[in-house]
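For reference, the structure is listed below as structure tokens.
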Amino acid sequence: MPEDNEERNKYIKAYTAMVLSRTLDKKIVTAQRQGRVGFYTPTMGQEALQVGASMAMEPNDLIYGYYRDVPLMLHRGIPIETIINQIMGNDSDKAKGRQMPSHFSSKEFNFMSIQSPVATNLPLAAGAAYALKYQKKNNIVLATFGDGSSSTPDFHAALNLAGVYDLPVIFLCENNGWAISLPVEKQTRVEIWTKAEAYGIKGVKADGNNFVDTYEKVRDAVKRARDGKGATLIDAISFRMGPHSTSDDPAKYRSETVDEGSEKDPLVISGKILKEKKFLDDKMIEGIKSRTAKLVEDKFNECEKIPAPDPSTAFADVNAKLTWMLKEEVEDIL
Amino acid sequence: MSEMTMVQALNSALDHLLGTDKSVVLLGEDIGKDGGVFRVTDGLQSKYGEDRVLDTPLVELGIVGMSIGMALTGLKPIAEIQFQDFIYTAMDQIINQMAKIRYRSGGDYTVPMVLRTPYGGGVKGGLYHSQSGETYFAHTAGLTVVTPSNPYDAKGLLISAMEYDDPVIFLEPKRLYRSIKGSVPDKEYKVPIGEANLLKEGNSVSIITYGSMVPTVLNTVEKNKVDADVIDLRTLLPLDIDAIIKSVKKTGRVTIVHEAPRTLGMGAEISALISERAIDSLQGPILRVTGPDSPFPYRWEEYYIPNEKRIMNAINRLQTFG
């Protein structure tokens, strides 16, 4: 049946992206421990919700993400090399190693360049959505952020603006329960999705460990946005299985863990969904995993051979036209 | 040509920009029906519609952040912050987003937009409606900082700023909004960004100033018949270093006049640049006449803003050298 096939392909693509992300994640963390990579913000635990959200997006929709969005990027089709080259800050990285690892950018895939200051992408997403609406385009904006971001003035500003101007934007809270060391219960007294009501936009809670649930909820929000029915705040509940970044040890501030391969692991949950649907069996899953492991290993080794960018690139692209001050300063440095 | 105030010249520029390019949008607080608290946008919402001249909620970081997103998505926003004193909640957006997007995306994403805001004292605004915060912006790589001192430059610089490929901070000296008039072409014209204006030529001293202080300096020089070069910087980042150095090499004496506090004000940077490039030409110290390192007072603002007496004190002191 063609319809079944379409769903099957969609689900397998989703699962494959999750496996790829998990494999890459572990590879990067290991490489960081070996001193081959400077820093990373692991994504383990957030694969299902990100891939679910990405499934509902079109290529011309705009993504305003944050520094923990690798699964979404991979599902969107952004090449794994783009991610590894950025992590390594090598000559093939478009930004020439100017940014810390995890701060990706891909204009080709409408994935806006990532910032560190949390939630500052959200007002931008509102502005982008205003532009799309003004230009009468049928595209929408997806903005992602963590639960900690819900405390910021930028979150408030962006959701309020999205409400006031009825903007085609989806605010996806990747609620992994932790903002570095602060649990979400100490971040806010209410469930994050309920905050939508204060801004006159729709609020929805999603099971972020279940890609199908997240997909369906984001898909509905996308439809509302495309139909001119305004913005949605989606609170996708998951769990940050790893540390905030390679620079902290969660054992210092939390006792709760979700082990890889356990029943709460979104990859295990996703595998079960695909098996229940009879889209995949154990053997096929093993096949995906082994092919992915080889792909990651090969690409990582390939990218590692790419030389560092020329030091002069560290001071380029500051302005469209190089200022006389910077020209003089760079001549002094190099 | 019409005789216009700076407010009228800016309105004329905005009208021109909105009228010629549908991607131009204005956003800010009370800029619609009210025409902005200084009336710079008067009549533009009724002429171009609410979707092009947006009355925003009261949220400076949202105004700036939204403008950045608009600029990234094909619009050409001109945002207004009602008073420069209120811009600080948006500094994260300005410094960490607006100024750094080109750099961090390897030039893939750019933010061509203009952020207008009135600054400076002399209108009985007290400490929260009088600040001159240009240094905060001029200290940030990626920004371009412009300030006109007369109606002609205001219109020409604003039109140039809108054609710029990068974000421009457009600082409007509110004391001069209506206090001076000048001839302004009705049609479009440009005043180049990055070029200072030598307003008066002389040989005994170079007076470097900009924005709100320009008329005070000109009046002082004319009244006291000072044989001075008067340089109106017009662009604060990047500075027109050639114009500054050329004048200093001719006169050998320099005073820098600005309203912002002295410590780490524009005068500090200009002074350092001159000492690095033209110290052999100097016949005496570089003297700064500036606002003091205090908040801006309500009752005694005339003591805060540099005046004729203080400017002449510096000029007279410089004449004792060389």
Side-chain angles (χ1 to χ4, degrees), chain A residues 62 64 93-96 98-99 103-108 112-117 119-135 137 139 141 143 152-154 156-158 160-165 167 169 313-326 328, chain B residues 22-23 25 27 51-52 54-57 59-75 77 79 89-90 92-93 95-113 141-144 164-167 194 237-242 269 273 276:
Chain A
L62 309 179
Y64 280 71
D93 172 30
K94 187 69 209 281
K96 303 289 175 191
R98 290 175 198 141
Q99 287 233 73
H103 295 64
F104 309 101
S105 176
S106 175
K107 189 162 193 200
E108 193 190 341
M112 172 60 188
S113 154
I114 297 297
Q115 62 290 312
S116 292
T120 59
N121 55 324
L122 305 183
L124 274 59
Y130 188 93
L132 294 174
K133 185 177 174 180
Y134 177 82
Q135 293 156 345
K137 291 190 178 159
N139 302 115
V141 182
T152 66
D154 296 67
H156 164 70
N160 189 51
L161 289 164
V164 167
Y165 294 114
L167 298 178
V169 54
T313 61
F315 313 107
D317 295 323
V318 177
N319 295 93
K321 194 175 148 215
L322 178 66
T323 63
W324 64 264
M325 304 87 77
L326 186 55
E328 190 175 285
Chain B
K22 279 237 168 351
S23 63
V25 293
L27 60 164
D51 61 337
R52 296 193 65 196
L54 284 72
D55 272 320
T56 65
V59 57
E60 284 75 15
L61 79 88
I63 294 167
V64 175
M66 239 179 102
S67 302
I68 297 167
M70 288 171 163
L72 288 164
T73 317
L75 297 188
T89 59
D92 194 14
Q93 286 291 340
I95 295 172
N96 284 324
Q97 290 284 9
M98 186 195 278
K100 290 182 175 53
I101 286 173
R102 175 186 290 279
Y103 179 78
R104 74 177 200 227
S105 68
D108 276 356
Y109 287 102
T110 59
V111 187
M113 65 168 284
L143 298 180
T144 297
Y164 221 58
D165 294 324
D166 288 312
L237 187 73
L239 287 166
D240 186 347
I241 188 67
D242 295 339
E269 179 60 27
L273 288 166
E276 283 165 359

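The analysis underlying the following values was restricted to heavy atoms, covering all of them including side chains, and did not include hydrogens, waters or symmetry mates. Quick note on labels: first sequence line is chain A, next is B, and so on, each numbered from 1.
Ranked by non-hydrogen atom pairs under 4.5 Å with chain A, the options B:G142, B:S67, B:A71, B:G62 are led by B:G142. Heavy-atom pairs under 4.5 Å with chain B peak, among A:A125, A:A129, A:P117, at A:P117. Of the listed residues (B:T110, B:L237, B:L239), the greatest number of heavy-atom pairs within a distance under 4.5 Å of chain A belongs to B:L239. With chain A as partner, the option from B:V59, B:T144, B:L75 having the largest number of non-hydrogen pairs under 4.5 angstrom is B:L75. Chain A forms more heavy-atom pairs under 4.5 Å with one residue of B:N96, B:I68, B:I241 than with any other, namely B:I241. With respect to chain B, the highest number of heavy-atom pairs below 4.5 Å among A:T120, A:D93, A:D317 belongs to A:D317. Heavy-atom pairs under 4.5 Å with chain A were tallied for B:M70, B:Q97, B:K22; the largest tally goes to B:Q97.
Residues A:A320 and B:D166 come closest through the heavy atom pair N-OD2, 2.6 Å. Contact record, A:V164 with B:P57: CG2-CG, 4.1 Å, taken as the closest heavy-atom pair. For A:M112 against B:I101, the heavy-atom pair with the smallest separation is CE-CD1, 3.7 Å.
Interface remark: A:S106 contributes backbone atoms only to the contact with chain B (heavy atom separation under 4.5 Å). For A:V318, the parts lying under 4.5 angstrom from a heavy atom of chain B are both the backbone and the side chain. Of the two parts of B:D55, only the backbone, made up of N, CA, C and O, holds a non-hydrogen atom closer than 4.5 Å to a non-hydrogen atom of chain A. In this structure, the portions of A:S113 lying under 4.5 Å from any heavy atom of chain B include both its backbone and its side chain. For B:L273, the part sitting under 4.5 Å from any heavy atom of chain A is the side chain, from C-beta outward, and nothing else. Both the backbone and the side chain of A:Q115 come within less than 4.5 Å of a heavy atom in chain B. Looking at B:D92, only its side chain comes within 4.5 Å of chain A, counting heavy atoms on both sides. For a residue to count as touching a neighbouring chain, one of its non-hydrogen atoms must lie under 4.5 Å from one of that chain's; by this rule A:K96 does not touch chain B. Heavy-atom distances place the side chain of A:N160, and not its backbone, under 4.5 Å from chain B. For a residue to count as touching a neighbouring chain, one of its non-hydrogen atoms must lie under 4.5 Å from one of that chain's; by this rule A:L62 touches chain B with the side chain only. Using a 4.5 Å cut-off between heavy atoms, A:A316 touches chain B through its backbone atoms (N, CA, C, O) alone. For a residue to count as touching a neighbouring chain, one of its non-hydrogen atoms must lie under 4.5 Å from one of that chain's; by this rule A:A158 does not touch chain B. A:Q135 touches chain B through its side chain: at least one heavy atom from C-beta onward sits under 4.5 Å away, while N, CA, C and O do not.
Here A:Y165 pairs with A:Y130 under the ring-ring contact (aromatic ring centres under 6.0 Å, His included) rule; sequence neighbours left out. Residues forming a ring-ring contact (aromatic ring centres under 6.0 Å, His included) with A:H156 (at least two apart in sequence, or on another chain): A:Y199.
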Side chain to side chain contact (heavy atoms under 4.5 Å, CB included) evaluation trace for A:L124 with B:L72: CA-CA 8 Å; A:L124 274 59; B:L72 288 164; 4.0 Å; yes

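With hydrogens and angles ignored, the 3.5 Å screen pairs a side-chain donor or acceptor of B:Y103 with a backbone N or O of A:A314.
Looking at heavy atoms from C-beta onward, A:K321 lies out of side-chain contact with B:D165 at the 4.5 angstrom threshold. Within the 4.5 Å cutoff, no side-chain heavy atoms of B:T89 are placed close to those of A:P153. No side-chain heavy atom of B:V64 sits under 4.5 Å from any side-chain heavy atom of A:P123. For the pair B:S105/A:K107, no side-chain contact is recorded, criterion being any heavy-atom separation below 4.5 Å from C-beta on.
Rounding to the nearest 0.5 angstrom, the gap separating the CD atom in B:E276 from the CD atom in A:E328 is 7.0 Å. Summarising the geometry, atom CE belonging to B:M66 is positioned 5.5 Å from atom CG belonging to A:L161; distances are rounded to the nearest 0.5 Å.
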